[in-house]
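Worth knowing before you read on, the calculation uses all heavy atoms, side chains too, and leaves out hydrogens, waters and symmetry mates. We number each residue from 1, following the sequence as shown.
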Amino acid sequence: MDIFLFVYLALGLVAGFVAGLLGVGGGLLMVPVLTWAYAARGFAPAFNIHLALGTSMAVIVLTSLSSLRAHHGHGAVDWPTVRRMAPGILAGTLLGSLAAAWLSDAGLKIFFTLFLFYAATQMLLGFKPKPSRPMPGLPGMSLAGGIIGLVSSWVGIGGGTLTVPFLIWCNTDLRRAIGTSAAVGFPIAVAGTLGYVISGHAVGGLPTGSLGFVYLPALVAIAAGSWLTAPLGARATHRWPTAIIKKIFAGLLYLLGVRMAYGLMPG
């Protein structure tokens, strides 16, 4: 029995709960763990991060479905907002995942890291948006979706770390923002998975069981665990106090920001 299958399953159980609780895809947890696991298995080092990103996106396809179904049952998904953001999200994510292997993203990571620390601090300290700030029109929502999709494809996440702060900034209730983010994560994951499958299709040296940059054994095990726990996390969202959820989400943003900032350090 492959011991790493148990690692993947345990990762799925944790990532699924986090995805349901916070409306994120769980990539923050999956990408670093998968990168380590692939290196421990002796996979080609040049492709470990690509495999981790692609596999994370593929898992999020299933995780987001389970999570959004639970949030929809609580009436916490703003479907008109999802529809207005979807075209930009699909375009941005597909473009980003296709270009991920060739583009330098150092400048984007600096911007994204600064944004994450800002968003985490705003949520932790309880800064309030202007009561008069409305949701943008279709062009603004498409642009926001495109940026969220592009960044998400390059860091292997379902977009919740950007979508939730953006919706709260537009005066959306926290629980509704989380539920809507879970729905937005689905088109991000579909487009991202497609892009990583296509971009890795002709790459040599990938491990047996890979479909492009998606490692199927890890996908199956992680998805099995996350499918079980994502609804539990979604139910917790509607039972736990809002203040606790905000602190958990702020902590998640700080962790992602620190991880990205560390990756920008030389050497």
Peer 1: Are Val31 and Ile49 packed together at the side-chain level, in the sense that at least one heavy-atom pair is separated by less than 4.5 angstrom?
Peer 2: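 Side-chain contact under 4.5 Å: yes.
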
Peer 1: Contact between Ser210 and Leu51 at the side-chain level, heavy atoms closer than 4.5 Å - yes or no?
Peer 2: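 Sidechains of Leu51 and Ser210: in contact.
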
Peer 1: Just wondering, do Thr55 and Tyr196 contact through their side chains at under 4.5 Å, heavy atoms?
Peer 2: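 Heavy-atom side-chain distance check fails, nothing below 4.5 Å.
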
Peer 1: Taking it one step at a time, do Val197 and Phe213 satisfy side-chain contact (heavy atoms from CB on, under 4.5 Å)?
Peer 2: CA-CA 5 Å; Val197 168; Phe213 285 129; over 6 Å; no

Peer 1: Does the plane of the ring in Phe43 sit parallel, tilted or perpendicular to the ring in Tyr215? Use 30° and 60° as the thresholds.
Peer 2: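 Phe43 and Tyr215: perpendicular rings.
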
Peer 1: Within a reach of under 6.0 Å around NE2 of His201, are more than 12 heavy atoms found that belong to other residues, nucleotides or ligands?
Peer 2: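 It does not: His201 NE2 has 12 such atoms or fewer within range.
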
Peer 1: At their closest point, which heavy atom of Ser97 faces which heavy atom of Ser153, and how far apart are they?
Peer 2: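 Minimum heavy-atom separation between Ser97 and Ser153: N-OG, 3.4 Å.
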
Peer 1: With side chains defined as the heavy atoms from C-beta onward, is the minimum distance between His71 and Arg175 less than 4.5 Å?
Peer 2: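 The answer is no, as the side chains (C-beta and beyond) never meet within the 4.5 Å cut-off.
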
Peer 1: Roughly how far, to the nearest 0.5 Å, is the CG atom of Asp78 from the CZ atom of Arg84?
Peer 2: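 If I round to the nearest 0.5 Å, the distance is 7.5 Å.
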
Peer 1: Please tell me whether Val14 and Phe4 are part of a single hydrophobic cluster in this structure, the criterion being side-chain heavy atoms less than 4.5 Å apart.
Peer 2: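 Val14 and Phe4: one cluster.
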
Peer 1: For the CG atom of Leu232 and the CG atom of Leu13, what is their distance to the nearest 0.5 Å?
Peer 2: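 Going from the CG atom of Leu232 to the CG atom of Leu13 covers 10.0 Å.
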
Peer 1: Can you name the nearest heavy-atom pair linking Gly96 to Leu150, along with the distance?
Peer 2: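 Smallest interatomic distance, heavy atoms only, reads CA-CD1, 3.6 Å.
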
Peer 1: According to a hydrophobic-cluster definition based on side-chain heavy atoms being under 4.5 Å apart (Ile, Leu, Val, Met, Phe, Trp, Tyr only), do Leu194 and Leu90 belong together?
Peer 2: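 Leu194 does not cluster with Leu90.
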
Peer 1: So do the side chains of Ile222 and Leu34 get within less than 4.5 Å of each other, counting heavy atoms only?
Peer 2: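 Heavy-atom side-chain distance check passes, below 4.5 Å.
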
Peer 1: Any heavy-atom pair between the side chains of Thr172 and Met135 that's under 4.5 Å?
Peer 2: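 Result yes, sub-4.5 Å side-chain heavy-atom pair found.
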
Peer 1: Quick check: do Trp36 and Val7 have side-chain heavy atoms less than 4.5 Å from each other?
Peer 2: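 The answer is yes; the side chains approach within 4.5 Å.
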
Peer 1: Dump the intermediate steps for side-chain contact (heavy atoms from CB on, under 4.5 Å) on Leu98 and Ile198, then the final yes or no.
Peer 2: CA-CA 7 Å; Leu98 288 173; Ile198 293 173; 3.9 Å; yes

Peer 1: Please check if the side chain of Arg176 supplies one atom and the backbone of Leu167 the other of a donor-acceptor pair under 3.5 Å.
Peer 2: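 No: the side chain of Arg176 does not pair with the backbone of Leu167.
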
Peer 1: Looking at residues at least two apart in the chain, or sitting in another chain, which of them share a side chain to side chain contact (heavy atoms under 4.5 Å, CB included) with Val220?
Peer 2: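 Here no residue qualifies.
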
Peer 1: How far does OG1 of Thr193 sit from CG of Leu219, to the nearest 0.5 angstrom?
Peer 2: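 The CG atom of Leu219 is 8.0 Å from OG1 of Thr193, to the nearest 0.5 Å.
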
Peer 1: Kindly say whether Ala177 contributes a backbone atom to a donor-acceptor pair with the side chain of Thr180 at under 3.5 angstrom?
Peer 2: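 No, because the side chain of Thr180 does not come within donor-acceptor range (under 3.5 Å) of the backbone of Ala177.
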
Peer 1: Go through the structure and list residues passing side chain to side chain contact (heavy atoms under 4.5 Å, CB included) with Arg83, not counting sequence neighbours.
Peer 2: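 For Arg83 the side chain to side chain contact (heavy atoms under 4.5 Å, CB included) partners, ignoring immediate neighbours, are Trp79, Pro80.
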
Peer 1: State yes or no: do Tyr38 and Phe6 share one hydrophobic cluster built from I, L, V, M, F, W and Y residues joined by side-chain heavy-atom distances below 4.5 Å, directly or via other members?
Peer 2: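 In one cluster: yes.
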
Peer 1: Less than 3.5 Å apart, which donor and acceptor atoms pair up between the side chains of residues 202-209 and the rest of the protein, not counting sequence neighbours?
Peer 2:
none

Peer 1: Minimum heavy-atom separation for Met30 and Val59, please, with both atom names.
Peer 2: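 The answer is SD-CG1, 3.6 Å.
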
Peer 1: What are the two closest heavy atoms between Tyr8 and Pro217, and how far apart are they?
Peer 2: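 In this case the closest contact between Tyr8 and Pro217 is CD1-O, 4.3 Å.
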
Peer 1: How far does OG of Ser199 sit from CG of Leu94, to the nearest 0.5 angstrom?
Peer 2: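 Ser199 atom OG to Leu94 atom CG measures 10.0 Å (nearest 0.5 Å).
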
Peer 1: For Ala144 versus Phe166, what's the shortest heavy-atom pair and its separation?
Peer 2: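 That closest heavy-atom pairing would be CB-CZ, 3.7 Å.
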
Peer 1: Which heavy atom of Ala236 sits nearest a heavy atom of Leu21, and at what distance?
Peer 2: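 Heavy atoms only, the tightest pair is CB-CD1, 3.9 Å.
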
Peer 1: Let me confirm one number: the NE2-CG distance from His72 to Leu65, rounded to the nearest 0.5 Å.
Peer 2: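 Output value for this atom pair is 13.0 Å.
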
Peer 1: Working to the nearest 0.5 Å, report the span between CD1 of Ile147 and OG of Ser142.
Peer 2: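 Separation between the atoms: 11.0 Å.
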
Peer 1: Within a strict 4.5 Å, meaning less than it, do heavy atoms of the Met57 and Ile188 side chains meet?
Peer 2: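 Answer yes - side chains close enough.
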
Peer 1: Honestly curious: do Phe17 and Leu9 fall in one hydrophobic cluster under the side-chain, below-4.5 Å linking rule?
Peer 2: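 Cluster IDs for Phe17 and Leu9 differ.
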
Peer 1: Linking I/L/V/M/F/W/Y whenever their side-chain heavy atoms sit closer than 4.5 Å, directly or via other members, would Leu138 and Ile148 fall into one cluster?
Peer 2: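 Not linked; separate clusters.
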
